Structures are given as C-alpha cells and as structure tokens.
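Report on one structure; see the data block that follows.
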2 protein chains.
Amino acid sequence: MTDRLLQQLNTIASLTETEEQAFVAVTTTRRLRKKEWLMRQGDICRMVTFIYSGSLRLFHTVDGEEKTIQFFFENALYTDYLSFLTGQPTLENVQALEDCALVQFSRADLEQLYQQHPVFERIGRISAERAFLSLSARNTLLTNQSPEIRYQQLIQARPDLFQRVPQYHIASFLGIKPESLSRIRKRMATR
Amino acid sequence: MTDRLLQQLNTIASLTETEEQAFVAVTTTRRLRKKEWLMRQGDICRMVTFIYSGSLRLFHTVDGEEKTIQFFFENALYTDYLSFLTGQPTLENVQALEDCALVQFSRADLEQLYQQHPVFERIGRISAERAFLSLSARNTLLTNQSPEIRYQQLIQARPDLFQRVPQYHIASFLGIKPESLSRIRKRMATR
DNA sequence: CCGAATGATTGATTTCGGTTAAGAAATTAC
DNA sequence: GTAATTTCTTAACCGAAATCAATCATTCGG
C-alpha cells in the first residue's frame with residue numbers, strides 16, 4: 001500500500017533509496033469501515049492520511065447542521081492543517097463513506113524527516129501550495145457562481161461523484177439544500 | 001525597506017548572515033501610486049511582492065463585475081500562486097488603494113534560493129501553509145455565516161479597514177452589494 | 001469656492017434559495 | 001421478500017439579498 005504513496009511523492013520530487021526507506025519506516029497502515037470516523041471535532045490531528053482505497057467525507061458542523069467541505073478518494077492525502085500545525089483541537093469531522101484502506105504518518109515523524117532530508121521540506125512546500133490552489137479554486141467557484149453553475153461544473157469535473165456519494169451530501173458540498181439541488185436537476189432536465 | 005521583510009522571514013525560520021545576503025541580493029524595490037496596477041488579468045505573475053507601506057486590493061472580474069478577494073496592508077506578502085507556480089496568465093487584478101512602497105523578488109531567483117539554501121524551502125512551505133490557513137478561515141466565514149455575521153466579524157477583526165477602504169469594496173469583499181451592506185449597518189444601528 | 005464626480009443611503013420590486021410538509025422511490029435489514 | 005428506514009422529489013410559502021432607480025452626502029479638481 002505504501003508503494004502507491006511513495007509513487008505519488010516521487011511525482012512531486014524524486015526520492016533516493018535512502019529517503020524512501022526513511023519514509024517507509026514511519027508509515028503505518030489502517031482500515032476503516034463505512035461510517036467509522038477518522039477524525040471528530042475536538043480531536044487533535046497528529047497524522048497525515050493517504051487514502052489507498054475507499055472514500056471519506058470531511059464536514060463541519062454549523063448550528064447543528066453538517067456542511068460538507070470535501071470528499072477524498074483513492075490516492076488523496078488528508079490532514080487538518082490547522083490542528084496538525086498548531087496542535088489545536090480540530091473543527092473537522094471526517095467519516096468513511098465506504099470501507100477504506102489508509103496509510104498514515106505522524107507530524108512528529110514528518111518533522112524529523114524535514115530535518116534529516118530537505119527533499120521532504122520541498123514536498124511539503126509543494127503539497128501546501130497545491131492544497132492552496134485547490135482550495136482557492138473551490139473558493140472562487142463557491143463565491144462567484146450560482147448554485148446551478150456550481151452543479152454543472154461539478155458533474156463536468158467529477159461525474160463519478162454521483163455514483164459514490166448520496167445527493168444530499170453533494171448538495172451540502174455545493175452550499176445548498178437537497179431540495180434546491182433537486183429543483184436544479186429538474187430545471188436542467190426539462191430544458 | 002528590505003530590512004523589514006528580512007525581519008518577517010526571520011520570524012518564520014532564522015537566517016544566517018550568508019542566507020540574508022543571498023536574499024537581499026535578489027530583491028528590488030518599487031513604488032506604486034494610488035490607482036496604479038501591480039497586476040492585471042492576463043499578466044503572468046513572476047514576482048513575490050512585500051508591501052512595505054500603503055495598501056492594495058485584489059479582485060477578480062466576473063461577468064463585468066469586480067469581486068474583491070483580499071486587501072493587503074503593510075508587511076503583507078502577495079503573489080498569485082497559480083500564475084507564479086504554473087506560468088499561466090493570471091485572473092487577478094491588483095490595484096493600489098493608497099500610494100505603496102514595495103519590495104519584490106522573482107520566481108526564478110526564489111528557485112535559485114531553494115536550491116542553494118534549504119531554509120528558504122522551509123520558509124516557502126510555512127508561508128504556503130499559512131496562506132492555506134487564512135484562505136480556509138475566509139472560506140468558512142463566507143460559506144457558513146450570513147452577511148450580517150460576516151460584517152460583524154470583520155469590524156471586530158479589522159476595524160481599521162473601514163478607515164482606509166471605501167465601503168463598496170468592503171461590501172464586495174463580504175460577498176454582497178453596497179446597498180445590502182448599507183442596510184445591514186442601518187439595521188444594526190437601530191438595534 | 002463651486003461644480004462634477006464619487007460614494008452612501010433609501011425605497012419599491014423581483015428573484016432565488018430556504019423552510020415546511022408531504023409523499024414517492026430506493027436501499028437496507030430482518 | 002417485505003417492512004422499515006433512508007434518500008429524493010414536489011409544492012406552497014417565506015424572507016433576505018439583488019435589482020432598479022432616485023436622492024443625498026462627500027470629496028476632489030480647477
């Protein structure tokens with residue numbers, strides 16, 4: 001399982017044999033059943049998680065209501081930067097949508113790697129930059145476009161999502177209520 | 001001017017004399033008059049800009065309408081990650097709200113620094129992480145809270161903003177129309 | 001100091017997504 | 001395979017912000 005994570009890292013910056021070994025030494029694997037939790041609001045996030053298979057949903061709870069922020073599928077990486085970096089309790093909830101196989105490593109070990117092999121610092125930088133870009137894109141979509149456009153872009157970009165995720169989670173991800181998504185779909189069908 | 005930028009960098013990771021000199025060698029300074037442009041949609045962003053004094057406004061143009069994304073004041077850093085990292089033309093417009101004194105360095109030089117002194121890689125990583133966190137906070141506010149709450153949080157967090165920035169830019173930053181902001185203010189005053 | 005331009009407020013109306021409530025369809029569990 | 005639960009759709013109504021339009025206030029240039 002760790003192989004595929006290493007592969008991903010190598011696409012960011014290539015690792016020597018030694019660096020790969022140092023990295024593998026700090027990873028652990030883990031399984032999660034559907035509906036089990038990777039993270040609950042109030043936990044402290046000390047791990048980076050690589051999704052080898054399965055899927056996760058990240059959401060915040062606002063006024064008792066779940067606001068879906070992101071979905072994670074195979075080959076994605078997840079960590080709560082805020083909690084991971086500051087040691088603060090997280091505001092995030094992450095739950096398995098499907099059974100998952102995961103690879104993890106801890107913040108403490110990552111700091112060690114940063115010290116010992118600057119290439120990981122580079123990987124960390126590029127990863128953070130990418131996370132920023134993808135958040136930025138989501139931000140732009142969410143604030144500049146109408147729900148209908150957001151929905152259209154999403155089916156364009158991720159048609160698979162609708163096969164694997166219930167519609168009311170997708171509605172939440174789009175920043176609207178399930179009833180509204182239903183209306184949008186109807187509107188678009190009859191046009 | 002570059003001193004204050006160095007100071008900021010040193011709070012992220014401390015630089016040796018040599019590293020400081022290498023950095024200073026690649027910086028240039030620049031002035032901008034009110035209403036002049038640092039960046040226009042379609043440009044390619046090759047620079048990181050440190051605001052020594054003055055202020056800037058970053059906005060996107062969507063359907064002929066300006067959407068203010070962010071304000072920059074003294075000691076802030078600006079770059080368009082997307083354009084800076086990929087070399088793509090930017091979608092961002094950045095205009096001086098007040099006369100500005102700026103310190104800049106180029107992507108090419110930064111890459112050199114990354115190669116020669118890993119500490120800059122570290123600074124780059126931490127900066128990207130911070131940018132992510134701050135965008136994430138804005139995101140949460142913008143998507144989870146009503147315009148009224150967003151306005152309240154903003155005067156709490158940045159009362160100075162209202163002294164330095166016209167209200168219609170602030171409205172745009174809050175994701176609403178000037179008329180609506182005016183009404184929110186009236187509503188709050190009479191309560 | 002005055003007129004023009006810019007920025008803020010106010011009012012009338014419209015629009016769109018939220019809310020509430022019900023029922024239909026699909027999935028899950030026994 | 002059927003009942004129970006979950007998910008999705010539909011409809012009527014509501015409310016907050018957008019839109020449209022006018023007016024007021026302030027700033028700026030000459």
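The sequence lines fix the lettering, A, B, ..., with proteins before strands; numbering per chain opens at 1. The structure presented is a predicted model; accordingly, all values stated were derived computationally and were not measured.
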Within 45 degrees of the axis of the six-membered ring of B/Tyr52 and under 6.0 Å from its centre: does B/Arg4 put its NZ or CZ there? yes

Mind calculating the distance between CD1 (B/Ile149) and C1' (D/dA16) to the nearest angstrom? 14 Å

Rounded distance in Å - CD1 (A/Ile176) to C1' (C/dT19): 15 Å

Atom CD1 of B/Ile170 to atom P of C/dT9: distance rounded to whole Å? 11 Å

Once you round it to whole Å, what is the distance between P of C/dG17 and CD of A/Glu148? 8 Å

Donor-acceptor contact present, side-chain A/Asn10 to main-chain A/Leu6, <3.5 Å: yes

Just one of A/Phe71, A/Phe72, A/Phe50 clears the ring pair (Phe, Tyr, Trp, His ring centres under 6.0 Å) bar with A/Tyr78, so which one? A/Phe72

With sugar-phosphate taken as primed atoms, P, OP1 and OP2 and all else as base, the protein-contact string of nucleotides 7-12 of chain D at under 4.0 Å (heavy atoms; B, S, -) is SSBBSB

Rounded to 10°, the angle between the first-five-pair and last-five-pair axes of the helix from C/dC1-D/dG30 to C/dC30-D/dG1 is 50°

Rounded to whole Å, CD of A/Glu66 lies from P of D/dT6 at a distance of 14 Å

Atom CG of B/Leu133 and atom CD1 of B/Ile126: how far apart are they, to the nearest 0.5 Å? 11.5 Å

Ion pair B/Glu129/B/Arg125, N-O distance below 4.0 Å: yes

Between SG on residue B/Cys45 and CE on residue B/Met39, distance to nearest 0.5 Å: 4.0 Å

Using ring pair (Phe, Tyr, Trp, His ring centres under 6.0 Å), reason through B/Tyr81 and B/Phe132 one step at a time and then give a plain yes or no. CA-CA 11 Å; B/Tyr81 267 114; B/Phe132 179 90; over 10 Å; no

Under 3.5 Å, side-chain donor or acceptor atoms of residues 93-120 of chain B against the rest of the protein: list the pairs with distances, not counting sequence neighbours.
from	atom 1	to	atom 2	distance (Å)
B/Asn93	OD1	B/Gln41	N	3.0
B/Asn93	ND2	B/Phe59	O	3.4
B/Gln95	NE2	B/Lys35	O	2.9
B/Glu98	OE1	B/Ser55	OG	2.7
B/Glu98	OE1	B/Arg164	NE	3.4
B/Glu98	OE1	B/Arg164	NH2	2.7
B/Glu98	OE2	B/Arg164	NE	3.3
B/Asp99	OD1	B/Lys34	N	2.8
B/Gln104	OE1	B/Arg30	NH1	3.4
B/Gln104	NE2	B/Thr49	OG1	2.8
B/Ser106	OG	B/Asp109	N	3.1
B/Ser106	OG	B/Asp109	OD2	3.2
B/Arg107	NH1	B/Phe84	O	2.8
B/Arg107	NH1	B/Leu85	O	2.6
B/Arg107	NH2	B/Glu111	OE2	3.1
B/Gln112	OE1	B/Gln116	NE2	3.2

Roughly how far, to the nearest 0.5 Å, is CG of A/Asp3 from CD of A/Glu20? 9.0 Å

Gap between atoms OH and C1', on B/Tyr151 and C/dA8 respectively (whole Å): 13 Å

Separation of C/dT10 C1' from B/Arg187 CZ (nearest whole Å): 14 Å

For A/Leu174 and C/dC16, what is the distance between atoms CG and P respectively, to the nearest whole Å? 18 Å

